[in-house]
Amino acid sequence: MIKAVRLADNKVVFGKKADSKEDASKSVGHAESRILPNTLGTRMNQKFQKTTNAFLQYPVKGFRGDVNSDFYEFLSMGIVPYLLGSAMFMGLFNMLKDLNPKSQKIANFNGNKMALGVVLYGVFKTLANDLVTRPVHWGTGVDIELPIEHVYYPLPKAAGEAANIEPQIQQRKIYDSREFFRKDIIQKDIGVKYYDNIAKKIGLGENLNDSVTETTPIIQSVISTTKTAKSLASYAWAGVGVGLAVQNDWSRFFDAIAGRKRHVAKPGEGIFNKLGSRMKNAGENFVEISKAFGKSFAGASKSLWTGEAGKTGFMKHAGKGWLLFTMALTAGGVANVIYKARHMGKLANKDIMDKSKESTVI
């Protein structure tokens with residue numbers, strides 16, 4: 001039997017809707033979800049908020065059995081074992097020097113390279129997404145990474161409770177769902193011109209009677225093919241990051257970190273002198289370590305491409321082969337997405353009925 005649901009006997013106070021978009025940007029009190037600009041700053045802010053909540057807020061709600069703990073929060077917590085596991089591996093790799101005391105320098109260098117491999121794996125995997133999504137956006141008009149600030153109202157936690165429901169925010173993307181992507185937010189914040197632009201780019205034509213309906217199945221296809229291409233390319237580029245990290249050219253970078261300037265306190269030294277000395281050292285260390293990183297990265301890239309001296313055959317050209325494979329995989333994935341979208345657009349726009357022949361309308 002299905003019973004009717006009442007929200008605390010109508011004792012519900014919803015957050016006030018902001019009077020303008022400017023007010024909405026300053027407070028979570030606005031009652032509508034909205035599209036955010038797809039910039040590096042927005043993506044970093046979304047990632048920071050999701051990661052912070054995944055560590056501090058969502059686990060607590062889940063263990064308490066909170067009625068407002070949802071699937072989005074469960075998926076967001078996937079970043080927790082990813083980061084903790086990465087930190088664990090980096091720590092274990094750097095313990096190699098203690099396990100091999102006879103050659104601590106070599107063990108420490110290898111441990112640092114493996115730890116760097118964990119970092120470059122994550123960095124390359126993340127940055128590789130833009131190598132797919134940006135060209136797809138230029139070629140089809142569909143911005144797969146278009147971010148939104150999803151506003152929702154939590155449920156009352158107890159029956160009969162007078163609920164002062166304050167709006168909550170989740171950092172999402174327009175195309176999180178293939179079948180039910182957020183057309184309502186696109187219509188509200190951008191309008192039909194968004195779909196008109198897509199229709200034009202994929203060959204459906206201009207001045208369509210209903211560009212929203214006609215582009216929807218093609219957009220759904222773009223979502224599926226792009227996510228597949230993005231996933232394949234991101235792991236391939238992550239492999240490139242690991243390949244770079246294992247090169248021996250990083251010794252300059254690790255030496256720069258180990259030999260960084262440190263402040264040595266002097267008897268009777270004032271607090272401002274200490275602060276000034278530490279700030280000076282920090283600035284100089286940043287410059288030197290940055291230079292060392294740039295030179296090491298360039299050297300590692302060259303070594304990955306040309307192969308180590310003295311090696312032949314597969315091991316000599318393995319790095320170059322993987323890099324070429326990754327570039328081809330990325331370009332091929334993007335080309336497939338754009339080609340399929342435009343092919344579907346041409347088929348939908350093609351007059352497949354031969355009007356010179358008789359036809360029967362049923």
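By convention here, the first residue in the shown sequence is residue 1.
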What distance do [X] atom [atom1] and [Y] atom [atom2] have between them, rounded to the nearest 0.5 Å?
X	Y	atom1	atom2	answer
Gln49	Gln46	CD	CD	7.5 Å
Ile148	Arg172	CD1	CZ	7.0 Å
Lys173	His150	NZ	NE2	16.0 Å

[X] side chain to [Y] main-chain N or O, any donor-acceptor pair under 3.5 Å?
X	Y	answer
Lys188	Ser33	yes
Ser296	Phe253	yes
Arg260	Ile289	no
Ser221	Pro217	no
Arg64	Lys61	no
Asp189	Ile35	yes

- prompt: When you check the side-chain N and O atoms of Asn53 and Gln171, is any donor under 3.5 Å from an acceptor?
  reply: no
message: Looking only at side-chain N and O atoms, does Thr126 offer a donor or acceptor that is under 3.5 Å from a partner on Lys47?
response: no
Students often mix this up, so state it plainly: with edges at 30° and 60°, are the rings of [X] and [Y] parallel, tilted or perpendicular?
X	Y	answer
Trp322	Phe325	tilted
Phe297	Trp250	perpendicular
Tyr72	Tyr58	perpendicular

State, with a plain yes or no, whether a side-chain heavy atom of [X] is found less than 4.5 Å away from one of [Y].
X	Y	result
Ile223	Ile144	yes
Tyr175	Val142	yes
Gln57	Thr52	no
Arg252	Asp249	no
Leu304	Lys320	no
Trp237	Leu127	no
Arg182	Ile174	yes
Trp305	Leu324	yes

Check the hydrophobic clustering (I, L, V, M, F, W, Y; side-chain heavy atoms under 4.5 Å; chains of links allowed) and say if [X] and [Y] are grouped together.
X	Y	result
Met344	Ile198	yes
Val80	Val118	no
Leu323	Leu244	yes
Ile338	Tyr194	yes
Leu84	Ile79	yes

query: When you measure from the centre of the six-membered ring of Tyr235, is the NZ or CZ of Lys125 under 6.0 Å away and within 45° of the axis?
result: yes
- prompt: So Ser303 and Asn248, side chain to side chain contact (heavy atoms under 4.5 Å, CB included) or not? Walk me through it.
  reply: CA-CA 9 Å; Ser303 297; Asn248 293 324; over 6 Å; no
Chi angles and distances behind the side chain to side chain contact (heavy atoms under 4.5 Å, CB included) call for Asn38, Arg134: CA-CA 11 Å; Asn38 189 4; Arg134 291 296 183 181; 4.1 Å; yes
